[in-house]
Each structure stands twice: as structure tokens, then as C-alpha cells.
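The next block holds one structure in the form of C-alpha cells; read it before the comments.
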2 protein chains.
Amino acid sequence: MATIRDVAKEAGVSLGTVSRYLNGYTLKKANMEKIAAAIKKLDFKQNYLAKGLKTKKSHAIGVVVNALTDIFAASIVTSLEELLEKNNYELIITDYKNNIKLLNEKLKFLYSRNIDGIVLFHVEQAVPILKEFRKKKIPVVAVDTPISGFECDTVLLDNYHASVEAVESLYEIGHRQIGIISGGQQGYVGSERLRGYVAAMKKYGIFDHELIASGSSFKDASYNATLDLLKNNHQITALYSTNYYMTIGAIQAINELNLRIPNDISFIGFDDYVISTVIKPQLTAVAQPVTKIGRKIGKIILQKIANPSILAYETEYFKARIVWRDSVKNKNI
Amino acid sequence: MATIRDVAKEAGVSLGTVSRYLNGYTLKKANMEKIAAAIKKLDFKQNYLAKGLKTKKSHAIGVVVNALTDIFAASIVTSLEELLEKNNYELIITDYKNNIKLLNEKLKFLYSRNIDGIVLFHVEQAVPILKEFRKKKIPVVAVDTPISGFECDTVLLDNYHASVEAVESLYEIGHRQIGIISGGQQGYVGSERLRGYVAAMKKYGIFDHELIASGSSFKDASYNATLDLLKNNHQITALYSTNYYMTIGAIQAINELNLRIPNDISFIGFDDYVISTVIKPQLTAVAQPVTKIGRKIGKIILQKIANPSILAYETEYFKARIVWRDSVKNKNI
DNA sequence: TTAAAGTTTGAATATGCTTTCAAATTACTT
DNA sequence: AAGTAATTTGAAAGCATATTCAAACTTTAA
């Protein structure tokens, strides 16, 4: 393996000049060309371990998701990775299985690997090791959920307005008894989505506690909650489920009750992934701009790495949009 | 940050002794205890960059998948990561979007990062950079698909027998006109699954070309293929679709044709993820042992890293099993 | 008690790169 | 052409660790 020293010799310049070349300083055109040629000829690759040892940077970004199989995180990471790899950063992806203790362990692991930045998906609560990241000025970006007890750049969906829009849309086409399958108040995302629903329902004067089914945000809880809700509220004409996995459970329950979508009941689900188009009829869904979100995260990380002393943290909101398919009935027609 | 030197001073032993301690050599019990105490006291963490520079190992494993959102790869990586992280390896995960040129680029990137091992999902064909990995004795494990033109350890599903079993099961409960939605011959996985189907059908003397719908292995092709197949073969009583995404397309087509599962048509789909239980009725599916597969990959990698001079490559087959739900009708009852 | 075997020590060298600095060279201005 | 500004040089130090080696020290066995 060729080293920077070999390149210097080959190009007939000094070692320091090559180093400066590699680090983006401008130098005499002639020298730049000679160095470029030497690099090509020798097939020289920087040794990131040596570089990292010296600079204390690894050119690696840690990404912590709750589950690798979570389609939401995976979609975002796809575009994040594209951007970061272009900038010569590698992604170390890890899951923490919604276990706060495991999260701390995984972050320690990443910390010990001299990570240059870190992206946390869906973390509600600060863990001790985060303070060490702050001390070392390693940028942290929270995605999907703000971290309580730790200030950092945060990229969120505007869940509140997404819910408002869902309810408004249903209202406009004649629905009044709009049920919600909610994850309840315990998580940020779930409570924001619920808050938007409540606000919109109240705005139209059609709010009713009975229309809220609240469980945890997983498939099985949602299945049970939906079953209960629909058995006890035959007047419900539309159902709004507040995440992908809850949509799955809700649809199972609707099937179980032999209700037909959209004739017996209209349906809007949060998140628009493959399920939406498999189910008959295809589902109207609230879609998140995952590609944009991924790019934004990447930009923030790169910017903060380039300028670690900026202490201001921004919170960026992205707007969801509703993708209309066949699961919602227009009652005005 | 404490260094090995600080630990030595604190423990009152020499630097080399600490180094040997950290690398698993046995030494005097008293010294081991003193060093352990010092490490704890100073909260010492090995610097992987320095260590890597010296040993030319990064303690990182590259994982290349075709898409981060691919549930199959994500499921396997979940258990792979668990095992490798326990052994202090980090995972650098990357996708290559089924683009062979991009694959080579991504592998070059990983190569330049001094990766200690590499796992390739669903790669059909060798790319040039793989030779460099071989030269440096960096272990390569192929998953899901053997790499043509490159010999390495390979972890596969026994696709052939999974198909045979699916057909046998359907035959035993009275089905004779068993259609298949196949990805065609172009990919290893698809052709193996088709081969098993053909063999089993021939064994029973019920093989018929007309029963094979063949397209690419994606949702839309499968949708069209299924539509064609079922329109032209009203006698088909059971359908076997050969991967997750094709199942989605096939189900869409079945819905479109207003066929009821399992009364009008029975259905078995390859891969058992969340879709299987959302659809009404819930789908009988061929499930892959993803956790076991992930662990096996990890074991192979660790073993080959520990012993890079072993030149024998093994090919390990895993058995799928059928998860029975409600989409298959027993015609004998 | 002594010889043999096993450990530990301290110092040195190496890994590939960045950074610094005074001195030397080259390039611009006027 | 001279003066100033900008670049490059060569050498050295440093990053945290591993490894080597002869010498010194311990432990074990006879």
C-alpha cells in the first residue's frame, strides 16, 4: 500500500505538500497536477486509521435506530447514507430495541469508536453518555422525536398539522364521526398526532372522547383497540390510525369485523409504505418526506462537523402530505 | 482520555504488560487485577484508531445489501449485528441498489476503510475489487445468493426444497392445478425456487407450462404476471408466489380479479413478514430462519478473521419452514 | 538450594498521517 | 529590478498502540 510518503517521492514534492493537497489546501497548479498523477499511478488511498489517530476524527457517523427492520428509519437512512458517503463518511448503524439501557451501551460503544457525529432515531429521553458527546463537541441529531433532557439539533415531522389535515380532509367530505387509533400520550410522536386530531375535532365541534382508541403504538394493541372502538361505536364513519404498525393492526380488526372499506368505514393511515397498496382497497395514507428528511440530517451533521463551535441548535419541521387512494369515501357525493 | 501508558503507571506495571493484558495474554494474577483496577479507575478505553493503525485491523465489518429497506436483509443483519457487536466489531452498512457498478464503488470505499470482513447480500456476480479483498485475506461471506466468479463462504437458503415442500403440501391436500409466480431464471434465488416447483410438479405428473407465470421479481411485474395467469387459467386452485414483493403484487391482482382466498384460490407466499398477517385471510407463508442465518454469518466471519489462512470455503444451507395460516384450503375435506 | 522455565521490564522501533517552524524558493507588484 | 507576499521544503514531534529483545526478575520443579 502506497503511503503519502511514496506519493511525495513519486511527485517530487515534499510530504507536507501532499498532506496539504489531500486536505484541500490550494497550492501551485503544477504541484497539484503532479500529486494527482502520482496518486493515480500508485493507486494511493489515504489511511483513515492513521489520519484518524492524528486528527481524532474517524470519518464515521453513528446511526442508532430502534430497529433495523423499521421501514421508517431505513427509508431515511437510505438517503442519509447517500449524502454522507459522498462526503466520505461511513455509517455505523446500530439498533437499540427501544431499550434505554441498551441505548446507553450502544452509544458508549460508538463513543469508544471515535465517531464524528451521531444520529438518534426516536429517542425520547437523554442517557448519560450523551454528555460525553457534548463535551467532545460531537454533533448529535435527533430524528423523529426530540430528546428530553438534552438539547441538540432536531429533525421532526410536523405531526400536529398532519393530523389536523387528515381530520380536515375527512370533515370536508362529510365525515363527522371520525375515530382515531392512537398510541396514547406516552410517546412524543403519538401525542402530537393525537393533539392535532383533538384540536381539529374541537374546531369543528365534533370532538367526543368515545371516538378515541388509545393503546400502545404496536400492532397488537392497535388491533384490540380498534376492535373495541368499532364494536362500541357503530356510528363511526371514518378511522384514522396513527402509524404504520397500528394501521396493520387496525386493518386486521376491520377485516375481523367484516367491515368493508370504504363503504362501511373510511380509513386513513399514517405512513405510506408497501402495505398501503396491497390491501384492498388501496389505502389513503399520510406520507412523510423521508428522502428530504434524510438529506437534511446529513446536511446538519456535515455542517456541525465543519463548525463544531456553533452552539445554536435548530429544530426543523417537515410537512407530511396525504396520498389519496381508495379507502376514503366522499359522503358528499 | 487515558492511554495505555496511564494505565501502566496507575497499575505500576510496564506498558507492554498492559498491552499484553488487553490482547488476551495471560499474566500473573496479581498484575491482571492491578491492571483491571487501573482501567476501571481511569475509565480507560482502547483507541481503536491507534490499534488499527498498528495492527492493520479496523474491527469493522462491511455489510452490503441491495436496499436498506429490504426486510429480509434487515432481519438478518439484526442478529448479525448482535453477535458481532458482542465481539467488539462494528458494522458498516451500505446499499448498492442492485447496481453492479455502484457495488464495486461501495466495496472500494469499504476497502479503503480497512474493513476486516465483508458480508454481501444478494450479489450474483463478482466485481473487480473482490480480488483485492482476497489478496489481503479479508474474509468475504455471500448471503442469499452465491457469487459467480468468486469463491467464498456462502450462506444460502435451501430454496429448492422449500419449493418442493410447498408443492408437496398443496398436493397432499388435493391441489393439482398449482400455479407459480416466478421471478424467472435470471436470478439464483428465483431459479432455484422455480426449479424446486418444477421438480415437484413433475414428480406428481401434474406439471404444465401454462401454470408458470414468469416476470421479474418485483411487485409490479408480479401483479401483471398474476393477472395474466389467472385470467387464462381458470382451473388453477392454488398459487405459489416466490418472494415477499411478488406476494404483494400477486395479492393485488387477486383482489383486482375479485377472487376470494382460499375459496376461489389457495395461496402460499415465500417470506413471512408483516404482510402475511394483515391480509384477510392471513397468509400461509414460507418462512426463512433469519435469526439463525444472521448468527451463522457472524460465526463464519469471526472464525475466518481469527484464522485467515484457512482457504476452504463452506456453503451452508438453511431450511425454510411453512407457517400455516388461513390462505390455503384443504380440498380433501 | 539450584537449575530451568516462565514473566516482566524498559527501551526502542514502527504504523501513516498532521502540524509546526524557520529557512528557502517562487510568484506577484509596483 | 527590487521588494513583498505567498508557497514549499525538510526535519521533527506527536497521535495511541503493538511488538521485539535482551536483561532482570519470579516461580516451579527437582
Side-chain angles (χ1 to χ4, degrees), chain A residues 1-39 42-60 88 111-116 136 138 305-306 308, chain B residues 1-39 42-60 88 90 111-116 136 305-306 308:
Chain A
M1 265 277 148
T3 73
I4 205 179
R5 193 164 254 109
D6 301 321
V7 172
K9 203 173 291 170
E10 175 71 31
V13 299
S14 87
L15 184 161
T17 306
V18 177
S19 175
R20 271 174 293 132
Y21 171 83
L22 291 171
N23 289 292
Y25 293 77
T26 47
L27 26 101
K28 268 199 298 185
K29 222 194 284 173
N31 281 340
M32 292 180 79
E33 281 159 9
K34 278 193 283 181
I35 294 173
I39 287 177
L42 300 175
D43 191 28
F44 165 80
K45 298 252 164 46
Q46 275 191 78
N47 182 322
Y48 281 89
L49 294 167
K51 183 176 186 140
L53 175 58
K54 184 67 204 180
T55 60
K56 307 202 173 306
K57 299 236 170 292
S58 62
H59 264 248
N88 253 294
Y111 183 81
S112 77
R113 295 323 203 77
N114 298 82
I115 241 63
D116 292 346
K136 279 224 266 173
I138 297 170
I305 286 176
Chain B
M1 266 275 148
T3 72
I4 205 178
R5 192 163 255 109
D6 301 322
V7 172
K9 202 174 290 170
E10 175 72 31
V13 299
S14 86
L15 186 159
T17 307
V18 177
S19 175
R20 270 176 292 131
Y21 172 83
L22 290 172
N23 290 290
Y25 294 77
T26 46
L27 26 101
K28 267 200 294 186
K29 223 194 285 173
N31 280 340
M32 291 181 78
E33 281 160 9
K34 279 193 282 181
I35 293 172
I39 286 176
L42 299 176
D43 191 28
F44 165 81
K45 300 251 162 49
Q46 276 192 78
N47 182 321
Y48 281 89
L49 293 168
K51 182 171 187 147
L53 175 59
K54 186 68 203 177
T55 60
K56 307 202 171 305
K57 299 235 171 292
S58 62
H59 264 249
N88 253 293
E90 65 186 21
Y111 184 81
S112 77
R113 293 325 203 77
N114 299 82
I115 243 62
D116 292 346
K136 279 225 266 174
I305 286 175

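Keep in mind the model is a prediction, meaning the values are calculated, not measured. Lettering of chains follows the sequences in order, A, B, ..., and the numbering in each one begins at 1.
Residue contacts for Leu22(A): at a heavy-atom cut-off of 4.0 Å it reaches no nucleic acid atom on any strand shown. At a threshold of 4.0 angstrom between heavy atoms, the contacts of Phe44(B) are confined to the sugar-phosphate backbone, with no base atom among them. Across all strands, Thr3(A) comes closer than 4.0 Å only to sugar-phosphate atoms, never to a base (heavy-atom distances). Across all strands shown, Lys57(A) has no heavy atoms under 4.0 Å from either base or sugar-phosphate atoms.
Relative to the side chain of Lys54(B), the nucleotides dA14(C), dT9(C), dG16(C) differ in distance, and dA14(C) lies closest. Minimum atom distance to the side chain of Lys51(A) is reached by dT18(C), of the listed dT18(C), dT9(C), dA14(C).
Between Thr17(B) and Ile35(B), the closest side-chain pair of non-hydrogen atoms falls below 4.5 Å. Between Leu53(B) and Asn47(A), the closest side-chain pair of non-hydrogen atoms falls below 4.5 Å. Inter-residue side-chain proximity for Lys51(A) and Asn23(A) is flagged as met; some heavy-atom pair is nearer than 4.5 Å. Between Val18(B) and Phe44(B), the closest side-chain pair of non-hydrogen atoms is not below 4.5 Å. Side-chain contact between Val13(B) and Tyr21(B): absent, with no pair of heavy atoms (C-beta onward) separated by less than 4.5 Å.
The nearest heavy atom of DNA chain D to Tyr25(B) and to Ala50(A) marks one nucleotide each, and the one closer to the 5' end goes with Ala50(A). Where Leu27(A) and Lys56(A) meet DNA chain D, the nucleotide closest to each residue was compared, and Leu27(A) sits on the side nearer the 5' end.
As a whole-Å value, the separation of Arg20(B) CZ from dG6(C) C1' is 11 Å. In this structure, Ile39(A) atom CD1 and dC17(C) atom P are separated by 10 Å, rounded to whole Å. Look at CG on Asn47(B): it is 17 Å from P on dC17(C), rounded to the nearest Å. Met1(A) has its CE atom 15 Å from the C1' atom of dC17(C), to the nearest Å. Following rounding to the nearest Å, Asn23(A) (CG) and dG16(C) (P) show an atom-to-atom distance of 17 Å. Separating the CG atom of Leu15(A) from the C1' atom of dC17(C) is a distance of 8 Å, rounded to the nearest angstrom. In this structure, Tyr21(A) places its OH atom 13 Å from P of dT18(C), rounding to the nearest Å. Straight-line distance from the NZ atom of Lys9(B) to the C1' atom of dT9(C): 16 Å, rounded to whole Å.
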| field | Stepwise side chain to side chain donor-acceptor pair (under 3.5 Å) check, Lys45(A) with Asn114(B) | value | CA-CA 10 Å; Lys45(A) 298 252 164 46; Asn114(B) 299 82; over 6 Å; no

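The footprint of chain A on DNA chain D, defined by a heavy-atom cutoff below 4.0 Å, extends from dT7(D) to dA16(D).
The nearest pair of heavy atoms linking Tyr111(B) to Met1(A) is CE2-CE, 3.7 Å. The two residues Asn88(A) and Arg113(B) have their closest heavy-atom pair at O-NH2, 2.7 Å.
At a cut-off of 3.5 angstrom, counting only N and O atoms as typed in the model, there is no donor on one side facing an acceptor on the other between the side-chain of Lys28(A) and the base of dA27(C).
Using a 4.0 Å cut-off, no side-chain N or O of Arg5(A) falls inside it from OP1 or OP2 of dC17(C). A close approach under 4.0 Å does not occur between any side-chain nitrogen or oxygen of Asn31(B) and OP1 or OP2 of dT7(C).
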